[in-house]
Amino acid sequence: MAHNISEKMYGLTQRNSAVRAMFEEGKRLAALYGPGNVHDFSIGNPNFPAPPQVNEAIADIVRSEPSTFVHGYMSNAGYEDVRGAIADRLNRRFGTDFGFSHIIMTAGAAGGLNVILKTLLNPGDEVAVIAPYFLEYGSYIANYDGVTVVVPPNPPDFRPDPAAVGRALTPKTKALILNSPNNPTGAVYSEKTLKGIAAALEEKAAEFGRPIYMISDEPYRELAYDGAEVPWLTSCYRNTIVCYSWSKSLSLPGERIGYIAVSPEADESALILEAAVIANRVLGFVNAPSLIQRVVMRCLDESADLSAYDHNRRLLYDGLKDAGFECTYPEGAFYLWVKTPCDDQRFCEMAKKHNILVVPGSAFACPGYIRIAYCVDPGTITAALPAFRRLAEDLEPVYTARNAV
Ligand code: PLP
């Protein structure tokens with residue numbers, strides 16, 4: 001059918017995000033049955049408030065700093081003092097050597113990823129991603145006419161297999177996107193895994209005679225449980241670019257605030273930084289939102305209430321294991337990844353009959369699983385567990401038939 005919008009955007013209208021679709025379905029069901037009767041685990045929108053220091057900082061900044069400064073344009077890379085404070089904190093925390101010039105403030109991790117992909121990609125360049133993965137990566141890569149190459153999933157723990165990563169790299173590979181703690185599996189990649197991946201990248205980069213950049217997408221860096229360490233990637237691999245965000249760590253997803261950190265040792269780091277600042281501008285972000293830049297500078301040592309997420313994690317994991325579901329033990333982020341005994345879309349349809357909304361694994365290029373976002377009120381989990389148990393009963397014949405094969 002004839003249409004006037006671009007082919008690329010038309011394509012996107014035809015495959016609307018499954019996460020968003022479930023979110024809309026949640027609103028529809030809530031209107032029908034009442035919000036208390038819908039168990040909506042579809043979207044990673046933190047349900048815990050930002051720490052009080054955030055609102056205190058907003059109030060103080062608005063009161064004490066000149067309005068034309070707080071609400072004005074600044075350098076496209078962001079405020080120098082904010083970038084300097086971030087660099088200092090990284091250096092204290094990870095023993096790195098960042099200066100303010102290695103940091104660019106961005107509109108969240110999504111803004112950062114777009115800026116860096118625009119900076120790096122020529123049409124036809126390949127970007128490797130590891131399944132299951134945040135499906136927006138595919139759209140971001142396509143924005144710059146790049147090609148997404150998928151590394152197959154590595155069950156049961158979903159930590160990537162370095163050899164499989166190596167096999168996905170070709171002379172056209174410009175970058176690999178990594179995401180740990182991971183959406184959707186909750187996996188945290190160990191230093192051993194990351195060093196293995198770094199070695200695979202080094203080997204292929206030497207073979208092809210060009211660098212392969214590691215883009216570390218880190219909105220969940222602060223959300224790791226049981227004392228799990230989230231290694232800092234520029235220390236494992238020289239050609240690393242980090243895309244950080246406060247969307248989850250300070251519960252500020254609507255404020256659109258994050259940064260890019262380019263390793264000072266990366267090949268052409270100065271040129272990458274110069275180009276990324278221009279990309280921030282020409283993509284139309286111009287600069288990251290001003291007021292919230294000043295706020296995060298005052299809240300660098302704050303974090304969302306990790307114990308609340310941890311409580312939810314245990315409640316949900318134990319409850320679903322008890323009900324007979326096969327779950328990947330979540331070490332980080334706020335997602336539970338569950339194996340389905342049948343087609344994952346069918347599972348989601350069956351779950352919907354119990355007013356449970358979850359996202360099919362196919363929405364993350366990994367069918368046969370579903371994702372449950374537990375960044376919800378704990379009462380939502382408690383209320384949902386009986387519904388999950390009824391769903392398990394519905395699924396009993398499917399399990400029995402599968403086990404009989
Ligand atoms: N990357 C991953 C893996 C995510 O899960 C999300 C958001 O859910 C983003 C990036 C985008 O985060 P932001 O809100 O910082 O743009």
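All ligand and atom numbering here is 1-based and tracks the order in the structure. Quantities reported herein were computed from a predicted structural model and do not represent experimental measurements.
At under 3.5 Å, not a single nitrogen or oxygen of A107, backbone or side chain, sits near a nitrogen or oxygen of ligand 1. Between Y335 and ligand 1, not a single N/O pair is under 3.5 Å apart. Considering backbone and side-chain atoms together, N179 places no N or O closer than 3.5 Å to any N or O of ligand 1. In terms of polar-atom proximity, L113 is not counted as a contact of ligand 1, lacking any N or O under 3.5 Å from an N or O of the ligand.
Nearest non-hydrogen protein atom to atom 12 (O) of ligand 1 is A109 CB, 3.9 Å.
Looking at P253 against ligand 1, nothing comes within 4.0 Å, counting heavy atoms. Contact annotation for Y137 and ligand 1: only side-chain heavy atoms (C-beta onward) come within less than 4.0 Å of the ligand. At a heavy-atom distance under 4.0 Å, only side-chain atoms of P219, from C-beta outward, approach ligand 1. At a heavy-atom cutoff of 4.0 Å, ligand 1 is contacted by no atom of E136, backbone or side chain.
Ring pair F334/Y309 is tilted by interplanar angle, where 30° to 60° counts as tilted. The aromatic rings of F134 and Y137 lie perpendicular to each other, with more than 60° between the two planes, well past the 30° mark.
Ring pair Y259/W246: centre-to-centre distance below 6.0 Å.
More than 12 heavy atoms of other shown residues, nucleotides or ligands fall within 6.0 angstrom of atom NZ in K8. In the displayed structure, E65 atom CD is contacted under 6.0 Å by more than 12 heavy atoms of other residues, nucleotides or ligands.
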